Amino acid sequence: MNLNDNVYNSGLSREDAKFKLWRKTGLLLTYKCNAACEFCYYCCTPAKGGLMPVETAVKAYKSLKNLAGDTAKVHLTGGEPFLYYERLVEILKAFQDEGLGEVDLVETNGGWANDEEVIVERLKRLDELGVRRFKISCDPFHQEYVGIEAARRLVKMAKEILGDKRVLVRWEKYLENPVEMKNISGEQLKQNYKQAIDDYPARFTGRAAGKLADMAADKSIDYIRGQKCCRDLLGAKGVHIDPYGNVFSGTCSGIVLGNVNETGLDEMWKEFQPGRNVFIKALFESGPAGLLDEAVELGYEVKERYAGKCHLCSDIRAFLLGKKIYPKTVGHSECYDL
Ligand code: SF4
Ligand code: SF4
């Protein structure tokens, strides 16, 4: 498709910023995870649920191909996708059977990587099933839940089986020099969080809009007012899709643009027009401060300081979700810590 196939773009003049084509999608197999990282954009925990049906994954990939052709890229993530290894394999097989092509990336925290035989079998299977790259998350937030031995074992074996170039570690620095995150005081834990977000700045959405954002909060509401989200929404190169088919733009987790089980990504992209949805329109034109008056009227208490506009946005959305306002756009509830 080309840019003018989108209804919003078709009404713009040549110099206006266009709504970019979605070329990537991240499929969240589940909200369940063996970890509950403080910076998780999707608020995953061992208690969360959801398991993406094979049909949802296939529909997502097919419709992304209709949209982006051979530039379409899919990655599989979670939650922890290896908690549902069999479903992961079923999805990869279905992609092959449908002739959809390779999967760009599978992402894991490596908590399952204790048995070398299991690791070899799984990585070889993923390789046969067309997984191009393998990403292992490794940072202080993950190290609070996943032992460094498992992460190191998985990285070493993945590099042997798939080759160095196909293995990504986020971040190597912490694999070599892990940060002690267990059996330390609450104060030390806070300092380690702070250091980690200073080293690698996070977007304050999902659970990152909780403790971490409060620690980093140094901006007044007046500073955030006027920070629109038009560029974020127009410029997102792709979407994430949750286990229930809910589609989120870029990393704006918890703002539902549509459901891929009902409408393919190609149709959804064609029909996207910020003005059609009151909630999205407010974000587009005024940023999250555009939602503030309504939220305050309903009882939302404005904080003295925020870490940035995404912190404000996530905080207001969690409040609105609790009040069941904008139920079609603010969700899924598993994507929030309420
Ligand atoms: S960031 Fe990843 S590993 Fe951590 S809780 Fe979220 S999904 Fe699980
Ligand atoms: S403020 Fe909300 S809509 Fe805007 S970029 Fe952040 S999460 Fe996305």
Side-chain angles (χ1 to χ4, degrees), residues 26 28 30-33 36-52 56 77-79 202-214 217 221 224-225 227-229 232-233 236 239-263 268 272 274 276-303 305-338:
L28 276 68
T30 176
Y31 280 114
K32 190 186 270 301
C33 190
C37 304
E38 208 52 64
F39 90 149
C40 184
Y41 293 166
Y42 299 99
C43 295
C44 299
T45 69
K48 296 281 174 88
L51 178 58
M52 182 173 280
T56 303
T77 182
R203 184 181 269 224
F204 294 106
T205 56
R207 192 173 298 120
K211 270 190 215 161
L212 296 185
D214 286 342
I221 194 80
I224 296 168
R225 243 182 245 286
Q227 291 186 16
K228 305 173 187 179
C229 297
D232 307 80
L233 292 164
V239 293
H240 280 89
I241 303 179
D242 86 352
Y244 308 103
N246 296 305
V247 176
F248 308 136
S249 165
T251 48
C252 298
S253 50
I255 304 172
V256 180
L257 300 185
N259 192 297
V260 79
N261 293 318
E262 292 157 18
T263 313
M268 204 179 293
F272 178 81
R276 273 201 191 147
N277 174 312
V278 186
F279 190 88
I280 306 275
K281 184 171 189 268
L283 289 170
F284 189 84
E285 291 176 353
S286 316
L291 302 164
L292 204 55
D293 288 349
E294 184 185 5
V296 167
E297 238 173 70
L298 291 163
Y300 175 74
E301 287 179 25
V302 180
K303 292 178 188 256
R305 291 275 185 272
Y306 292 89
K309 69 173 181 176
C310 298
H311 181 197
L312 173 65
C313 183
S314 303
D315 207 47
I316 292 179
R317 283 188 277 112
F319 171 82
L320 294 174
L321 183 73
K323 296 269 175 203
K324 299 190 170 53
I325 315 272
Y326 300 112
K328 283 198 161 169
T329 310
V330 179
H332 183 277
S333 56
E334 295 213 68
C335 195
Y336 289 81
D337 271 341
L338 292 179

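Just so it is clear, the model here is predicted, and its values are computed rather than measured. Residues: numbered from 1 along the sequence shown. Side chains are part of it too, since the values below use all heavy atoms of this structure and drop only hydrogens, waters and symmetry mates.
- One distance of note links OH of Y244 with OG of S333; it measures 7.5 Å at 0.5 Å rounding.
- By the 4.5 Å heavy-atom criterion applied to side chains, S286 and F284 are not counted as neighbours.
- Contact between A209 and F204 at its shortest, heavy atoms only, is CB-O, 3.4 Å.
- Across every non-hydrogen atom of E38 and L212, the tightest pair is O-CD1, 3.7 Å.
- Note: M268 CE to N259 CG = 6.5 Å, rounded to the nearest 0.5 Å.
- Annotation: salt bridge (charged side-chain N to carboxylate O under 4.0 Å, His left out) contacts of K281 (sequence neighbours excluded): E285.
- Residue pairs meeting the salt bridge (Lys or Arg N to Asp or Glu O under 4.0 Å) criterion with at least one member in residues 240-262: none, sequence neighbours excluded.
- Once rounded to the nearest 0.5 Å, the distance linking CZ of F279 with OH of Y326 reads 7.0 Å.
- From L292, atom CG reaches atom CD1 of I221 across 5.0 Å, with rounding to the nearest 0.5 Å.
- V247 is not listed as a side-chain neighbour of T263, based on a closest heavy-atom distance of 4.5 Å or more.
- With contacts defined as side-chain heavy-atom distances shorter than 4.5 Å, the pair Q227/P288 does not qualify.
- Closest of all the heavy-atom pairs between C310 and T205 is CB-CG2, 3.8 Å.
- A 4.5 Å side-chain heavy-atom check between F248 and V239 finds every atom pair outside the cut-off.
- The distance from the CG atom of L257 to the CD1 atom of I280 is 5.0 Å, given to the nearest 0.5 Å.
- Partners of D293 according to the side-chain hydrogen bond (donor to acceptor under 3.5 Å, both in side chains) rule, which considers only residues two or more places apart in sequence or in another chain, do not exist here.
- Scored by the side-chain hydrogen bond (donor to acceptor under 3.5 Å, both in side chains) test, K228 finds no partners at all (sequence neighbours excluded).
- Sorted by first and then second residue, the salt bridge (Lys or Arg N to Asp or Glu O under 4.0 Å) pairs with a member in residues 308-317 read D232-K309; sequence neighbours excluded.
- Residues C43 and Y31 form no side-chain contact, since every pair of their non-hydrogen atoms from C-beta on lies 4.5 Å or further apart.
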Evaluate the criterion side chain to side chain contact (heavy atoms under 4.5 Å, CB included) for residue pair H311 and D214; output intermediate values, then yes/no.
CA-CA 9 Å; H311 181 197; D214 286 342; 3.5 Å; yes
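- With a 4.5 Å cut-off on side-chain heavy atoms, E294 and I325 count as touching.
- A donor-acceptor contact shorter than 3.5 Å is absent between the side chain of Y42 and the backbone of S253.
- Closest approach of T30 and G50 over heavy atoms only: OG1-O, 2.6 Å.
- Between the CD1 atom in I255 and the CG atom in N246 there is a gap of 12.5 Å [rounded to 0.5 Å].
- In this structure, H240 has its ring center no closer than 6.0 Å to that of Y41.
- When all heavy atoms of A282 and G290 are compared, the closest pair comes out as CB-O, 4.2 Å.
- Under the salt bridge (Lys or Arg N to Asp or Glu O under 4.0 Å) criterion, the residue pairs touching residues 324-337 are K48-D337, R207-D337, with sequence neighbours excluded.
- Pairing each heavy atom of C44 with each of G78, the nearest pair is SG-C, 4.2 Å.
- With contacts defined as side-chain heavy-atom distances shorter than 4.5 Å, the pair L283/C313 qualifies.
- Residues L28 and P243 form a side-chain contact, since some pair of their non-hydrogen atoms from C-beta on lies under 4.5 Å apart.
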